[in-house]
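In this text, all values refer to a predicted model and were calculated from it rather than measured experimentally. Numbering starts at 1 and runs along the sequence shown.
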Amino acid sequence: MPLAMNREVFITCAVTGSGGTQDRSPHVPRSPAQIADSAIAAAKAGAAVVHCHVRDPDTGAPSRDLALYREVTERIRAAEVDMVLNLTAGMGGDMMFAGTDAPLPLAEGTDMVGAAERVAHVAECRPEICTLDCGTMNFAEADYVMTNTPGMLQAMGRMMTGMGVKPEIEAFDTGHLWYAKQLVKDGVLDAPALVQLCMGVPWGAPDDLNTFMAMVNNVPDDWTFSAFSLGRNQMAYVAASVLAGGHVRVGLEDNLWLDKGVLAENWQLVERAGSIVENMGARVIGPAEVREKLGLVKRVPAGK
């Protein structure tokens, strides 16, 4: 395919994630105040979009607590710096099997809830964007499966669309893009859609460039896509995504390191990504331009 470099790029900062990174770096934010402060610093460094999970403030464990989401949302919206808020809706579909000899009953760590509960914080906080993981996959650990059935995705997608929140399709493999296109065809999601290509996540799509371009080539021409990879390849994928016509995502959800032996803060990763984008001859765009591009409406919490 011909080179189709993107000349106007937005940066998403994935602030904290839900992985077990909370004890691997002191910079991984835990409390709502820390998460919001890290998001605000990332926005000041050039991130137009902040993608937020929440964690138990004491343990750092991932959480779906509505009060934590509410506090993060309110703190971000009260900030002097503008940013597009993107809340995860990826939790609540976690199956942890008990082992190969006796997989059932499911083990500790399983968190399986209904569609309405999975998007309850989205309904309350009304972010501009929320994520929709468009498939089921083996996910890193030996006995863990990230579960998103077609029926669940249809139900969640209809709820998101009905709320006026833009789903960010998280695609971890080509089949996830295949089903995302079916959701649009069925009227569950509006077109043009927004896609995050999640590369190098075991055991989804590996982050070699052949696989990446297979993913890119499966995104419809009128959709908007962004991409990231994990760890040492995070910054390489800033360049790769821009060259392929996309936008970029960086942040501590996906990578803890700024340089070898140097733990990063979110704002530093955003700043470095911005430098890469600009040195490639592209321009980093801000939240107002992102809203115009994606047709987003800045929202306030329900009841306010």
Side-chain angles (χ1 to χ4, degrees), residues 1-14 47-51 82-90 119 122 126-135 148 150 152-199 204-205 212-228 237-238 240-249 277 282-299:
M1 64 176 290
L3 189 68
M5 177 177 160
N6 186 10
R7 298 286 176 176
E8 296 192 336
V9 178
F10 65 79
I11 299 172
T12 296
C13 181
V49 182
V50 292
H51 170 57
D82 189 23
M83 67 201 86
V84 173
L85 179 60
N86 175 341
L87 294 182
T88 185
V119 299
V122 177
R126 286 299 201 274
E128 288 112 313
I129 300 172
C130 67
T131 59
L132 185 67
D133 297 343
C134 252
N148 297 286
M152 181 66 75
L153 292 172
Q154 291 169 22
M156 292 174 65
R158 290 188 191 281
M159 290 176 189
M160 293 169 182
T161 300
M163 294 171 196
V165 177
K166 181 82 169 178
E168 181 189 58
I169 296 160
E170 292 208 330
F172 296 82
D173 217 333
T174 51
H176 298 181
L177 287 169
W178 186 6
Y179 191 61
K181 288 183 278 191
Q182 187 65 44
L183 289 173
V184 171
K185 182 178 180 181
D186 292 342
V188 174
L189 304 182
D190 294 333
L194 172 65
V195 181
Q196 185 71 246
L197 302 179
C198 309
M199 307 300 298
F212 177 53
M213 290 312 300
M215 296 281 278
V216 170
N217 290 336
N218 273 285
V219 177
D221 290 341
D222 62 335
W223 291 18
T224 298
F225 80 88
S226 178
F228 71 90
Y237 257 76
V238 170
S241 188
V242 173
L243 281 172
H247 303 270
V248 302
R249 169 172 140 173
V277 171
R283 182 173 70 89
V284 176
I285 66 174
E289 290 173 284
V290 171
R291 291 188 185 102
E292 182 177 1
K293 178 179 179 61
L294 299 180
L296 305 177
V297 176
K298 189 173 184 178
R299 302 213 174 242

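Judged as a side-chain hydrogen bond (donor to acceptor under 3.5 Å, both in side chains), not a single pair has a partner in residues 156-167 (not counting sequence neighbours). Applying the salt bridge (Lys or Arg N to Asp or Glu O under 4.0 Å) test to every pair with at least one member in residues 177-196, sequence neighbours left out, gives no pairs at all.
With sequence neighbours excluded, the residues forming a side-chain contact (heavy atoms from CB on, under 4.5 Å) with R283 are E8, I285, E289, listed by chain and number. Residues satisfying the side-chain contact (heavy atoms from CB on, under 4.5 Å) test with A193, not counting sequence neighbours, are I169, V184, W223. The side chain to side chain donor-acceptor pair (under 3.5 Å) test applied to N86 returns H51, E168, not counting sequence neighbours. The ring pair (Phe, Tyr, Trp, His ring centres under 6.0 Å) check on F10 picks up H247, with sequence neighbours excluded. Take D221 and apply the side-chain contact (heavy atoms from CB on, under 4.5 Å) test, not counting sequence neighbours, and it matches no residue. Among residues two or more places apart in sequence or in another chain, the side chain to side chain donor-acceptor pair (under 3.5 Å) test is passed with T224 by none.
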So D133 and L153, side chain to side chain contact (heavy atoms under 4.5 Å, CB included) or not? Walk me through it.
-> CA-CA 8 Å; D133 297 343; L153 292 172; 5.7 Å; no
Verify side chain to side chain contact (heavy atoms under 4.5 Å, CB included) between V277 and V238, making sure each step is shown before the conclusion.
-> CA-CA 7 Å; V277 171; V238 170; 3.9 Å; yes
Applying side chain to side chain contact (heavy atoms under 4.5 Å, CB included), run through W178 and N218 and close with a yes or a no.
-> CA-CA 8 Å; W178 186 6; N218 273 285; over 6 Å; no
Hey, mind stepping through V248 and Y237 against side chain to side chain contact (heavy atoms under 4.5 Å, CB included) and telling me if it holds?
-> CA-CA 8 Å; V248 302; Y237 257 76; over 6 Å; no
Before giving the answer on salt bridge (Lys or Arg N to Asp or Glu O under 4.0 Å), spell out for E128 and K298 the whole-Å C-alpha distance, their side-chain angles and the decisive distance to 0.1 Å.
-> CA-CA 6 Å; E128 288 112 313; K298 189 173 184 178; 5.9 Å; no
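The minimum heavy-atom distance linking V9 with A282 is given by the pair CG2-CB, 4.1 Å. Nearest approach of M156 to V119, heavy atoms of both residues: CE-CG1, 4.0 Å. Smallest separation of non-hydrogen atoms from A89 and V122: CB-CG2, 4.4 Å. In terms of heavy-atom proximity, F172 sits nearest to M215 at C-CE, 4.1 Å. Nearest heavy-atom pair, F212 versus A244, reported as atom, atom and distance to 0.1 Å: CE2-CB, 3.9 Å.
Side-chain contact between R291 and V297 is absent, with no heavy-atom pair separated by less than 4.5 Å. Residues V50 and L85 form a side-chain contact, since some pair of their non-hydrogen atoms from C-beta on lies under 4.5 Å apart. At least one side-chain heavy atom of L197 sits under 4.5 Å from a side-chain heavy atom of L177. In this structure, the side chains of E170 and L132 stay at 4.5 Å or more apart for every pair of heavy atoms.
Atoms CZ and OG, from R249 and S241 in turn, are 12.0 Å apart once rounded to the nearest 0.5 Å. Rounding to the nearest 0.5 angstrom, the gap separating the CG atom in L194 from the OG1 atom in T12 is 8.0 Å. Atom OH in Y179 sits 11.0 Å away from atom CG in N148 (nearest 0.5 Å). Note: D173 CG to C134 SG = 12.5 Å, rounded to the nearest 0.5 Å.
At least one donor-acceptor pair closer than 3.5 Å links the side chain of Q196 to the backbone N or O of A227.
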